[in-house]
Each structure stands twice: as C-alpha cells, then as structure tokens.
Amino acid sequence: MLGSSCLLWLLAVAFSLVPRVQALAPQALEEEEEQEIPQSTLPAVLCDYDSCRHLQVPCHELQRAGPRACLCPGLSSAAQPPAPPRLGEVRVVAEDGRAEVRWCAPSSPVLQYWLLLWEGGGAPEMGPPLNSTVRRAELEGLKPGGAYVVCVVAANAAGESSVPALDGEGPGDAGGPAFGPCGRVSVPPRPRSLVHAAVGVGAALALLSCGALVWHFCLRQRCGCPRRPRPAARPPAGL
Ligand SMILES: *[C@@H]1O[C@H](CO)[C@@H](O)[C@H](O)[C@H]1NC(C)=O
C-alpha cells in the first residue's frame, strides 16, 4: 500500500514536470533564434540617419535603440580630428541683420560644432559650441551691405576640422559653398531704407514740379506779363 502510493506520487510529480519542460524548451529555442536572426538572415537596412538633418540623433545611438539592426555610414577613426563639415544653404534676412546657416555632418565622429565668422580682413569671431546633433545656427548682428565669410568647424577629442578659408584658400571660389566648410554671406542694403530713399526722391521731384508750375502761372498772371495780349493783337496788325 505504501509502495503503490509512493509510486503514484512519483508519477504525479513526473507528469506535472513534463509540461513545464515542454513549455520551457520552445522559449529557449526562440531566444536563440532572436539572437541569430538580425546578424544572419534579415536583409541589411540603412538606419534612418541623415547627416544634414537638424537635431539628428547619432547613428550609433539609432543602432542601439532600434528594434532591428541597421547599417550606419562608415566613420573615420576617433583618434583623428574630424573631416570638415559641408556648409549648406545660407539664408540671409537682411531686415533683421540675421542669417541662418545649415550644414551636413562629416563622416567622422564629432563631439561639437561651432561657427567662425569674419568680415573682409577682420579677425574670425567664434560662435558658441553646439552639440553634435545640431545642423543649423543663426548669425546675428550682420551689417546691411556687409560681406562676410562663415565657416563650420567640427571637433572631437582628437582635434578640430580644418578651415581652408583661414589657410588662404578662398571660400567656395568655384561659385558658392560647393563642398567645403566655408561660404560667403552678402547682406544686401536694408530694403526699408531703399524704399524710404525712393519715396523721398519721388516726393522731392513732385514738390519741385508743383513749385515750378505754380511759379510759372503765378508769375505770368500776377506780373501781367506783356506777352499774353500780343498774340490777340497780332492778327489786326498783320492784316
Ligand atoms: C543639442 O542642442 C540642441 C539645441 O540647443 C538641443 O535642442 C538638444 O536638446 C541638444 N541635444 C543634446 C543631446 O544635448
């Protein structure tokens, strides 16, 4: 009696364990598969990374955070200073003396950016440091009619990118900021002052012509210019 109950108990324990073992086995397999799939069987996808997009999260962080593995563009060594960024569009708002500068990241690890700005032969002025996600910055206090050079500098722990315009090579001499870090910023004269000048000149011209007309007629009528009666008097004289 004791033996059979013992046997029953053992059987019960054994059967209650079986489903658990079965339930565990597929999970363990799935985990192994999940670890293998991204590396081997899934097609490679490029990360949603745009080197010119403002506030772009660094690609290696996208790789870490994403649900699927993705590919990042290759970067130069972190032991070397970054390659120069590429200056993009420079949009000048002449009325406010402002300009918005955009750029694209180099294929290098970057810790921060900053802008350099100078006018003619003046000394370059350095802007505030911008973090590595930034691709857009604003220049302020530009003079109307001013001609400036602006450059973007990228830096990492190993150093900063080169600035060709400071080494004597002109910025974008081949027609605007082609692929370099520098470009020209030409601020047109204040449009408002142009309008004011045009209105002023127009008003002065109108006043002048009015004055001329008034003077012309007044003088003729008041001074009783002697020329007026003459044409009326001529026909009889001519006959
Ligand atoms: C980088 O700077 C921008 C603009 O100042 C800011 O909005 C953003 O939160 C900063 N990002 C990091 C990671 O500090």
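As the structure lists them, so they are numbered: ligands from 1, and atoms in each ligand from 1. The chain is numbered in sequence order, starting from 1.
Although no hydrogens or angles enter the test, the distance criterion places no donor-acceptor pair under 3.5 Å between the side chain of Tyr49 and the main chain of His60.
Side-chain contact between Val134 and Trp103: present, with at least one pair of heavy atoms (C-beta onward) separated by less than 4.5 Å. Annotation: side chain of Leu142 is in contact with side chain of Leu117 (closest heavy-atom distance under 4.5 Å).
Listed by chain and residue number, the protein contacts of ligand 1 are Leu55, Asn131, Thr133, Val134 (heavy atom within 4.0 angstrom).
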Identify every side-chain donor-acceptor pair in residues 154-166 under 3.5 Å, counting partners at least two apart or on other chains, and give the distances.
from	atom 1	to	atom 2	distance (Å)
Asn156	OD1	Ala158	N	2.9
Asn156	OD1	Gly159	N	3.3
Asn156	ND2	Gln80	O	3.0
Asn156	ND2	Pro109	O	3.0
Ser161	OG	Ala154	N	3.0
Ser161	OG	Ala154	O	3.4

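Distance check for Cys59 and Cys47: the SG atoms are not under the 2.5 Å cut-off. The SG atoms of Cys104 and Cys52 sit under 2.5 Å apart.
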